[in-house]
Amino acid sequence: DGGITQSPKYLFRKEGQNVTLSCEQNLNHDAMYWYRQDPGQGLRLIYYSQIVNDFQKGDIAEGYSVSREKKESFPLTVTSAQKNPTAFYLCASTDNGGVYTEAFFGQGTRLTVV
Amino acid sequence: AQSVSQHNHHVILSEAASLELGCNYSYGGTVNLFWYVQYPGQHLQLLLKYFSGDPLVKGIKGFEAEFIKSKFSFNLRKPSVQWSDTAEYFCAVNAPLYNTDKLIFGTGTRLQVFP
C-alpha cells in the first residue's frame, strides 16, 4: 500500500537532547512537509521541501532542522534550541511539488519532553 | 496578516442534527480550498476540495461545502450527522498569489456527536 510512514509513534526526550523524527513516503511525491499540531492552534508549518536537496523554512522553523537527501525521506530533527518541543508532529506529501492536489498525511509522532 | 479562521472551536450535536462549520480566509485572488478530517487515533484525511467550477462541492460521507467568494468563506455542511462523525475538522487554504507552496490550516473544530 502506498502511503506515508512516520516513526516512532511516541517519543520521549530529555531536555537538552536532540531527537530525529522519521518520515518516509512511497507515493513518489515531489514535495514533503512537516507540521506541528498543538491543541487549539491547528497545524503550523515547520519546514517543507519541493525537491531533493532543497528545503524551505515554514512559519515556525526555529529550533528545528531537516534534510532531504532522498525523494522518499524527509527526517525532522528537534534540537535542544526548540523551547517547547512537546507536541504532535505530522508529515505530509503532495505530488508535483505543490499543494494544488491532495496532501497525504502520516499518522504522526507524539513527542514528549521529560 | 493572511489567515484562515475557524470560529467554532468545539461543537456538540445529537445524532441527526444538521451541521455547519465555518471557515473564513483573508487571502485575495485565486484560492484552493480544502477540508480535512482527523478521526480519533487516525491520520488526517481529505473530506473535500475546491479548485474551480461549481462552488458547491460534495465530498465523502455526505459532507459538502460551499465556496462564497464575496464572503471569503468555505463552510462545511452535513444535513444529518452520525455518531461516527465525531472528529476534528480542519479547513485549509492554498493561495498561490501569496504562498504557492504552502497549505495554511485553520485552528480546527472539534465535533462531538452524541447518540
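Chain letters run A, B, ... following the sequence lines, proteins first, then strands; residues in each count from 1. In what follows, every heavy atom counts, from backbone to side chain, and hydrogens, waters and symmetry copies are set aside. Quick caveat: nothing in here was measured; it's all calculated off a predicted structure.
In terms of heavy atoms, Q42(B) sits closest to Q107(A) at CA-NE2, 4.5 Å. Closest of all the heavy-atom pairs between L43(A) and F90(B) is CD1-CE2, 3.7 Å.
Under the 4.5 Å side-chain heavy-atom criterion for grouping Ile, Leu, Val, Met, Phe, Trp and Tyr, Y89(A) is not connected to L44(B) through any hydrophobic cluster. F74(A) and L90(A) fall into different hydrophobic clusters, where Ile, Leu, Val, Met, Phe, Trp and Tyr residues are linked whenever their side-chain heavy atoms come under 4.5 Å apart, directly or through other members. Two different hydrophobic clusters hold I46(A) and Y33(A) under the rule that ILVMFWY side chains link at heavy-atom gaps under 4.5 Å. Connection of Y50(B) to F72(B) is established within a shared hydrophobic cluster, with ILVMFWY side chains joined at heavy-atom distances below 4.5 Å, either directly or through further cluster members. Hydrophobic clustering of Ile, Leu, Val, Met, Phe, Trp and Tyr side chains at less than 4.5 Å, counting indirect connections, unites L33(B) with L21(B).
Within the model, atoms CD1 of I104(B) and CG of L45(A) stand 6.5 Å from one another, a figure rounded to the nearest 0.5 Å. In this structure, F105(A) CZ and Y36(B) OH are separated by 5.5 Å, a value rounded to the nearest 0.5 Å.
Proximity to chain B is absent for every atom of I4(A), based on heavy atoms less than 4.5 angstrom apart. For Q38(B), the part lying near chain A is the side chain, with the backbone staying farther off; criterion is any non-hydrogen pair under 4.5 Å. Neither the backbone nor the side chain of Q6(B) has a heavy atom closer than 4.5 Å to any heavy atom of chain A. Using a 4.5 Å cut-off between heavy atoms, Q37(A) contacts chain B through its side chain alone, with no backbone atom that close.
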